[in-house]
Chemist: 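The structure's right below; bear with me while I get my questions together.
Note that the structure is a prediction, hence the values are computed from the model and not measured. Just so it is clear: chains get the letters A, B, ... in the order the sequence lines come, proteins before strands, and each one is counted from 1.
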Amino acid sequence: MRDWVLHLDLDAFMAAVEILRNPELRGRPVIVGGNGDPTTPRTVVSTASYEAREYGVHSGMPMRTALRRCPDAVYLPTDLPAYEAASAAVMAVLRTFPVVVEVWGLDEAFLGARTDDPETLARDIQRAVTDKTGLTCSIGIGDNKHQAKLAAQFEKPSGVSRLTTDTWTDVMGERPTTALWGIGAKTAKKLADLGLHTVNQLAAADPAVLAARFGPTNGPWLRYLALGRGETTITTAPWVPRGHSHETTFTHDLTDPAAMRDHIAALAGRLATETEGRPVIRVTVKVRSVPFVTHTRQAKLPEPTLDAATIQQAALAIFDRFAQDRPVRLLGVSVEYA
DNA sequence: TCTGGGGTCCTAGGACCC
DNA sequence: TCTGGGGTCCTAGGACCC
């Protein structure tokens, strides 16, 4: 018996929940995103069913692009409460197994398990999730969260894959650095400029060079990722958010400063009702102007507060520090807790 | 591909103090 | 009295993830 980390990833989660609610959608391309009207500008795909992915549609893609690629798909608005309920049902199924469950967003979880046969455990979990909720999932098995997370992507949908320290170099060594969980396009480009294209090259890189380029924490961490290392602690402790935010991208640009101020006040007022008793210590305002230029301004409050009017006034005072000379496509407010 | 919304963490640089 | 160096706090922005 030994310890394993499993990562469970629900397949095409939001689309799958919609198909459960309306079985006539089964087998058809289903695309969930925005208000469900794919002609609305400035909205993006949240989840595409596997049938829709055949047309090159994926999450993050503008809805209008999805419509061009897949005009016959069924387009649906996002329905967060429905996804939260389905997610909770899945997590409850996981907790019936002798595993430690760490919820990682709506459609993912890490599981800590002690067993001789993690594949059989994974198949048992998949079967139970599907029997009880109708949803399918992929499961990755690893020595740590990083390995398990990557393994879960190897065979989707409904797959079970294992990636461990023993197989790491064989499986990952020649892949591009973007294959690692935490390295995106920007970092990959900077690594390529240093001559580091593959996981093996990054693993063999000089930590001092990485630290000089990416900073004292991030530099060494990149190499750590490339060596296949990662967090092994699984915790059931509920996540305590550091802060909350709300933002709005307007379908049509805002040009009226009074309307902008009203919107900032509304966003701040909404946040003030969502603190769950945690005092706010900092407020940040975000403005995205035409064409697509984003700036933030923030202020630490003189003292922690729960008072809605104080939070709104702080947000407005911060907003008034922006040069207001361009049409605005996005306004946002975020708060940070003590 | 004309680019959402909600999060987290890190870094650089300036202000200020001793 | 023409100028050091360290520590801490704060702000703005960047990168990544789902």
Chemist: Would you check if the side chain of A:T115 reaches a backbone N or O of A:D117 as a donor-acceptor pair within less than 3.5 Å?
Modeler: yes

Chemist: Answer yes or no: does atom CZ of A:R326 have more than 12 heavy-atom neighbours from other residues, nucleotides or ligands under 6.0 Å?
Modeler: no

Chemist: Among B:dG4, B:dC2, C:dC10, which nucleotide sits nearest the side chain of A:R288?
Modeler: B:dG4

Chemist: Counting only side-chain nitrogens and oxygens, does A:T249 get under 4.0 Å of the OP1 or OP2 atom of B:dT3?
Modeler: no

Chemist: Is the shortest side-chain N to carboxylate O distance from A:D193 to A:K190 below 4.0 Å?
Modeler: no

Chemist: Report the residue from A:Q153, A:K145, A:E108 that forms a side-chain hydrogen bond (donor to acceptor under 3.5 Å, both in side chains) with A:H7.
Modeler: A:E108

Chemist: Can you tell which of B:dT1, B:dG6, C:dT11 lies closest to the side chain of A:H246?
Modeler: B:dG6

Chemist: 5'-most contact on DNA chain B: A:R69 or A:S59, nearest heavy atom basis?
Modeler: A:R69

Chemist: Does the side chain of A:H244 get closer than 4.0 angstrom to OP1 or OP2 of B:dG6 through an N or O atom?
Modeler: no

Chemist: Select one nucleotide: of B:dG6, B:dG5, C:dC10, the one nearest the side-chain heavy atoms of A:K300.
Modeler: C:dC10

Chemist: Once the angle between the rings of A:H244 and A:Y337 is folded into 0 to 90°, is it parallel (under 30°), tilted (30 to 60°) or perpendicular (over 60°)?
Modeler: perpendicular

Chemist: Output yes when at least one side-chain N/O atom of A:K149 is less than 4.0 Å from OP1 or OP2 of C:dC18, else no.
Modeler: yes

Chemist: With respect to the side chain of A:E108, which nucleotide from B:dG6, B:dG4, C:dC18 is positioned closest?
Modeler: C:dC18

Chemist: Nearest to the A:A299 side chain among C:dG13, C:dT11, B:dG6, which nucleotide is it?
Modeler: C:dT11

Chemist: What nucleotide among B:dG4, C:dC18, C:dA12 has an atom nearest to a side-chain atom of A:R297?
Modeler: C:dA12

Chemist: If you only use heavy atoms from C-beta on, which nucleotide in C:dC17, B:dT8, B:dC2 is closest to the side chain of A:P241?
Modeler: B:dT8

Chemist: Looking only at side-chain N and O atoms, does A:W239 come under 4.0 Å of OP1 or OP2 in B:dT8?
Modeler: yes

Chemist: Whether A:R261 and A:D320 form a salt bridge (side-chain N of Lys/Arg under 4.0 Å from carboxylate O of Asp/Glu) is what I want to check.
Modeler: yes

Chemist: Between C:dA12, B:dT1, B:dT3, spot the one nearest the side chain of A:Q298, thanks.
Modeler: C:dA12

Chemist: If you assign A:P41 and A:E247 each to the DNA chain B nucleotide with the nearest heavy atom, which residue ends up on the more 5' nucleotide?
Modeler: A:P41

Chemist: Check whether any side-chain nitrogen or oxygen of A:T296 sits under 4.0 Å from OP1 or OP2 of C:dT11, and answer yes or no.
Modeler: no

Chemist: Side chain of A:R282: nearest nucleotide among B:dT1, B:dG6, C:dT11?
Modeler: C:dT11

Chemist: Could you tell me which nucleotide pairs with C:dT11 by Watson-Crick or G-U wobble geometry, both distances under 3.5 Å, or answer none if nothing does?
Modeler: B:dA12

Chemist: Residues from residues 186-221 of chain A sitting under 4.0 Å of DNA chain C, heavy atoms only?
Modeler: A:K186, A:T187, A:K190

Chemist: Heavy atoms from C-beta onward define the side chain here; which of C:dT11, B:dT8, B:dG5 lies closest to that of A:R321?
Modeler: C:dT11

Chemist: Is the base of B:dT3 stacked against the aromatic ring of A:F292, taking ring centres under 5.5 Å apart and planes under 30° as the test?
Modeler: yes

Chemist: Pair A:R42, A:T251 - check side-chain hydrogen bond (donor to acceptor under 3.5 Å, both in side chains), show working.
Modeler: CA-CA 6 Å; A:R42 300 177 181 176; A:T251 304; over 6 Å; no

